Amino acid sequence: MISIIVAIAANGAIGAKNDLLWRLPNDMKRFKELTTGHTVIMGRKTFESLPKGALPNRTNVVITGNAQASFKDCEIVDSLDAAISKHKNENEIFIIGGANVYKQAIVFADKLYVTYVHHTFENADTFFSEINNNEWIMTENEDFPCDEKHLFPYTFQTYIKKK
């Protein structure tokens, strides 16, 4: 199964200047719980945005056109197709960004794990494509209010691709 995991603002924003637009501890916790023990596939810029490098307890795969690239504790591939082919026998692999990788992966993906952040970020420069309800069925929807650790209300949603 190929899964996309993404946090999206009300205006479709997912980042600015190669960084996150918000900090939601429960979103980070969910990300870690879902992806630990699995392969995570990302573009080079997404990898470079990770504060501590490769994500622990996961197989980190970085897509880059630079054949000389080397990132500690990561597999390097030159395309999304190569990354998926290399890990196709795993029960679930996760696409974790960025925007270009998401755009390519949505065609292959079987499942979407989405965190919707109920706020518009005007300073965003990176966006996720709109989820087409003709192609996806929402199977989970859980709302959370803002609190002392979460400055914005958010919703966890899971989608399965229609057959």
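These numbers come from the heavy atoms of this one structure, side chains and all, not from hydrogens, waters or symmetry mates. Not measured: the values here are computed from a predicted model.
- Asp110 places a side-chain N or O within donor-acceptor distance of the main-chain N or O of Ile2, the cut-off being under 3.5 Å.
- The closest donor-acceptor contact from the side chain of Lys111 to the backbone of Thr158 lies at 3.5 Å or more, if one exists at all.
- Under the 4.5 Å side-chain heavy-atom criterion for ILVMFWY residues, no single connected hydrophobic cluster contains both Ile93 and Leu55.
- Side-chain N or O atoms of Tyr116 include none that pairs as donor or acceptor with a backbone N or O of Pro153 at under 3.5 Å.
- A donor-acceptor distance shorter than 3.5 angstrom exists from the side chain of Asn18 to the backbone of Lys45, with no hydrogens or angles considered.
- Remark: the backbone N or O of Thr46 is paired with a side-chain donor or acceptor of Ser49 at under 3.5 angstrom.
- Partners of Asp147 under the salt bridge (Lys or Arg N to Asp or Glu O under 4.0 Å) rule, at least two apart in sequence or in another chain, do not exist in this structure.
- Note: Phe71 and Phe47 have tilted aromatic rings, judged against thresholds of 30 and 60 degrees for the angle between ring planes.
- The cationic atom of Arg30 (NZ for Lys, CZ for Arg) does not lie both less than 6.0 Å from the six-membered ring centre of Tyr113 and within 45° of the ring axis.
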Going through the checks in order, is the side chain to side chain contact (heavy atoms under 4.5 Å, CB included) test met by Thr39 and Arg58? CA-CA 6 Å; Thr39 294; Arg58 284 155 270 207; over 6 Å; no

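- Here the CG-NZ distance, from Leu24 to Lys149, works out to 12.5 Å after rounding to the nearest 0.5 Å.
- Classified by interplanar angle (parallel below 30°, tilted 30° to 60°, perpendicular above 60°), the ring pair Phe121/Phe152 is perpendicular.
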Full working for side chain to side chain contact (heavy atoms under 4.5 Å, CB included) between Tyr154 and Asp27: CA-CA 9 Å; Tyr154 59 98; Asp27 178 49; 5.7 Å; no

